[in-house]
Trainee: 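Dropping the structure in here first, questions after.
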2 protein chains.
Amino acid sequence: MKALHISEAVVRRMPIYLRYLNEMKQAQIATVSSQELGKRLNLNPAQIRKDLAYFGEFGKKGIGYDISYLIQKIRQILKLDQIIHVALIGAGNLGQALSNYNKYLKDNMQITAIFDNAPQKVNTKIHHLSVEPLNVLKQRVKELDIRVGIITVPQHEAQSVADLLVEAGIEAILNFAPAIIHVPDHVRIHHADFTAELYSLAYYLEDEE
Amino acid sequence: MKALHISEAVVRRMPIYLRYLNEMKQAQIATVSSQELGKRLNLNPAQIRKDLAYFGEFGKKGIGYDISYLIQKIRQILKLDQIIHVALIGAGNLGQALSNYNKYLKDNMQITAIFDNAPQKVNTKIHHLSVEPLNVLKQRVKELDIRVGIITVPQHEAQSVADLLVEAGIEAILNFAPAIIHVPDHVRIHHADFTAELYSLAYYLEDEE
DNA sequence: TCCAATCTGTTCATAGTTTCACATTAATAA
DNA sequence: TTATTAATGTGAAACTATGAACAGATTGGA
């Protein structure tokens with residue numbers, strides 16, 4: 001069932017499904033159809049059914065999907081049925097903002113350590129975590145079983161931080177710095193690039209005015 | 001030259017090109033080949049050539065692309081040859097972090113107003129901009145010629161803020177709230193969803209450990 | 001019980017995207 | 001001047017993703 005390769009587009013939709021399913025569950029709703037999901041998430045219902053079918057037969061004909069069951073399955077698919085420890089590197093404004101999200105993530109992915117080299121930041125607390133210097137990163141990654149790194153340092157430091165994370169044995173990186181950074185093939189990297197996102201929006205503005 | 005429809009994938013790569021070209025220009029480099037760009041940005045050179053060729057013939061055979069000229073062209077394509085005024089709604093941690101980026105953006109897209117309804121935030125200053133309440137948003141959007149909105153309010157307020165922006169006549173929205181929000185077809189919306197990005201990374205972690 | 005309605009999983013067609021491969025052009029060096 | 005090298009722009013091929021359509025399963029009501 002899991003032998004074949006799942007496209008990135010499919011994987012990226014799974015968390016979207018998961019989040020909305022969680023909302024529905026909280027609203028005490030028991031089942032949902034692909035049609036309803038599609039309307040809510042602006043997706044084609046056939047696409048949703050197909051996405052889910054890559055991983056198994058989770059629905060019931062005539063009924064739809066049992067929400068609790070589907071949540072459980074998607075969590076398994078995304079490996080969120082265990083706690084994944086995450087390190088944040090860069091305790092600036094953005095880093096602090098992201099550590100706020102920890103509350104949303106707490107059951108699944110957890111920011112477990114924050115690193116920054118600025119002397120005025122080291123040892124300060126951000127949401128009950130002490131900021132630590134980068135020279136202990138490698139050791140702390142091992143100790144805390146950290147598998148994912150989030151880079152929120154300035155652009156020109158991003159590559160060296162990534163190198164450090166790779167050396168520490170991290171498996172995946174989410175990079176917020178506005179730069180393309182390079183990592184070995186065995187490390188997964190996603191870019192969350194606010195400026196690029198904003199610039200591409202400009203393309204769609206009306207001409208002239 | 002611009003009659004045909006350009007795919008979103010192409011548009012999203014343009015700011016990536018632009019950013020790296022700007023770096024090269026700063027380093028006093030005059031020309032670049034698609035091969036070199038591709039190596040640096042992890043893209044296939046043919047793809048880069050084709051992307052650019054959608055908009056015109058900017059390169060020279062045997063030479064490559066003149067960096068200054070290409071920067072100018074991409075700016076035109078992305079409509080960044082004018083100042084685009086942007087409103088930020090939500091003066092929380094994330095909103096403050098994003099307004100830091102204003103310095104990177106200052107020549108092109110500029111955060112011109114910040115809105116938030118929390119009484120303890122209204123009238124405080126963030127990088128020389130006063131936080132204003134949402135009830136003046138519509139008026140201020142007109143006055144300041146604001147065309148783009150960035151949503152950094154909590155999830156459950158995101159849709160109503162989007163509605164307000166649409167009503168104020170905004171043309172494009174960048175949504176940071178972890179929710180799918182709905183807008184009319186004439187408004188362009190992009191989602192910058194940190195939690196979804198992080199969750200999808202988990203999929204690529206090694207099984208077991 | 002049986003019909004109508006609902007909704008999944010999947011096949012197939014369509015649409016879109018990426019990559020290859022090459023004709024063409026420009027610069028450089030012999 | 002003439003080969004050689006470097007690099008673009010683009011047609012065609014390969015690959016990927018999306019969407020329509022339908023068989024089959026389940027429910028609920030007549």
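Just so it is clear: chains get the letters A, B, ... in the order the sequence lines come, proteins before strands, and each one is counted from 1.
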Trainee: Rounded to the nearest 0.5 Å, how far does CG of A:Asp145 lie from OG1 of A:Thr112?
Mentor: 9.0 Å
Trainee: Are A:Phe194 and A:Phe176 an aromatic pair, judged by ring center distance below 6.0 Å?
Mentor: no
Trainee: At under 4.0 Å between heavy atoms, how does the protein contact nucleotides 23-30 of chain C? Give one character per nucleotide, 5' to 3', with B, S or -.
Mentor: -BBSS---
Trainee: When the distance from CD1 of A:Ile48 to P of C:dT10 is rounded to whole Å, what number comes out?
Mentor: 17 Å
Trainee: Find the distance B:Tyr17:OH to D:dT8:P and express it as a whole number of Å.
Mentor: 12 Å
Trainee: Send over the distance from A:Ile67 CD1 to C:dC7 P, rounded to a whole Å.
Mentor: 13 Å
Trainee: For A:Tyr203, does the six-membered ring have the charged nitrogen or CZ of B:Lys79 within the cation-pi criterion, i.e. under 6.0 angstrom from the centroid and within 45° of the normal?
Mentor: yes
Trainee: Assuming nearest nucleotide by heavy-atom distance, tell me which of B:Pro45 and A:Arg49 is located more 5' along DNA chain D.
Mentor: B:Pro45
Trainee: Does B:Asp51 pair with B:Arg13 as a salt bridge, N-O distance under 4.0 Å?
Mentor: yes
Trainee: Rounded to whole angstrom units, what separation is found between the CG atom of A:Leu41 and the P atom of D:dT18?
Mentor: 14 Å
Trainee: Working to the nearest 0.5 angstrom, can you tell me the gap between A:Ile150 CD1 and A:Leu174 CG?
Mentor: 5.5 Å
Trainee: Between P on D:dT8 and CG on B:Asp66, what's the gap in Å once rounded to a whole number?
Mentor: 13 Å
Trainee: Whole angstrom is fine here: how far is it from CD in A:Glu57 over to C1' in D:dA25?
Mentor: 11 Å
Trainee: Would you mind reading off the distance between A:Arg12 atom CZ and D:dA17 atom P, rounded to a whole angstrom?
Mentor: 12 Å
Trainee: Closer than 4.0 angstrom, basic N to acidic O: yes or no for A:Glu36 and A:Lys39?
Mentor: no
Trainee: Given C:dG9, is OP1 or OP2 found less than 4.0 Å from the side-chain N or O atoms of A:Tyr65?
Mentor: yes
Trainee: Return the minimal non-hydrogen interatomic distance between B:Ala158 and B:Ala177, and the atom names on each side.
Mentor: CB-CB, 3.6 Å
Trainee: Side-chain N or O of B:Ser34 less than 4.0 angstrom from OP1 or OP2 on D:dT8?
Mentor: yes
Trainee: Tabulate protein N/O versus nucleotide N/O from nucleotides 17-19 of chain C, keeping only pairs under 3.5 Å, one per line.
Mentor:
{"residue": "C:dT18", "atom": "OP1", "partner": "B:Arg13", "partner atom": "NH1", "Å": "3.3"}
{"residue": "C:dT18", "atom": "OP2", "partner": "B:Arg13", "partner atom": "NH1", "Å": "3.4"}
{"residue": "C:dT18", "atom": "OP2", "partner": "B:Arg13", "partner atom": "NH2", "Å": "3.0"}
{"residue": "C:dT18", "atom": "OP2", "partner": "B:Gln47", "partner atom": "NE2", "Å": "3.1"}
{"residue": "C:dT18", "atom": "O5'", "partner": "B:Gln47", "partner atom": "NE2", "Å": "3.0"}
{"residue": "C:dT19", "atom": "O4", "partner": "B:Lys50", "partner atom": "NZ", "Å": "2.7"}

Trainee: Between B:Arg12 and B:Glu8, is the closest basic N to carboxylate O distance under 4.0 Å?
Mentor: yes
Trainee: Considering only NZ, NE, NH1 and NH2 on the basic side and carboxylate oxygens on the acidic side, decide whether B:Arg188 and B:Glu171 come within less than 4.0 Å.
Mentor: no
Trainee: Atom CD1 of A:Ile6 to atom C1' of D:dT18: distance rounded to whole Å?
Mentor: 16 Å
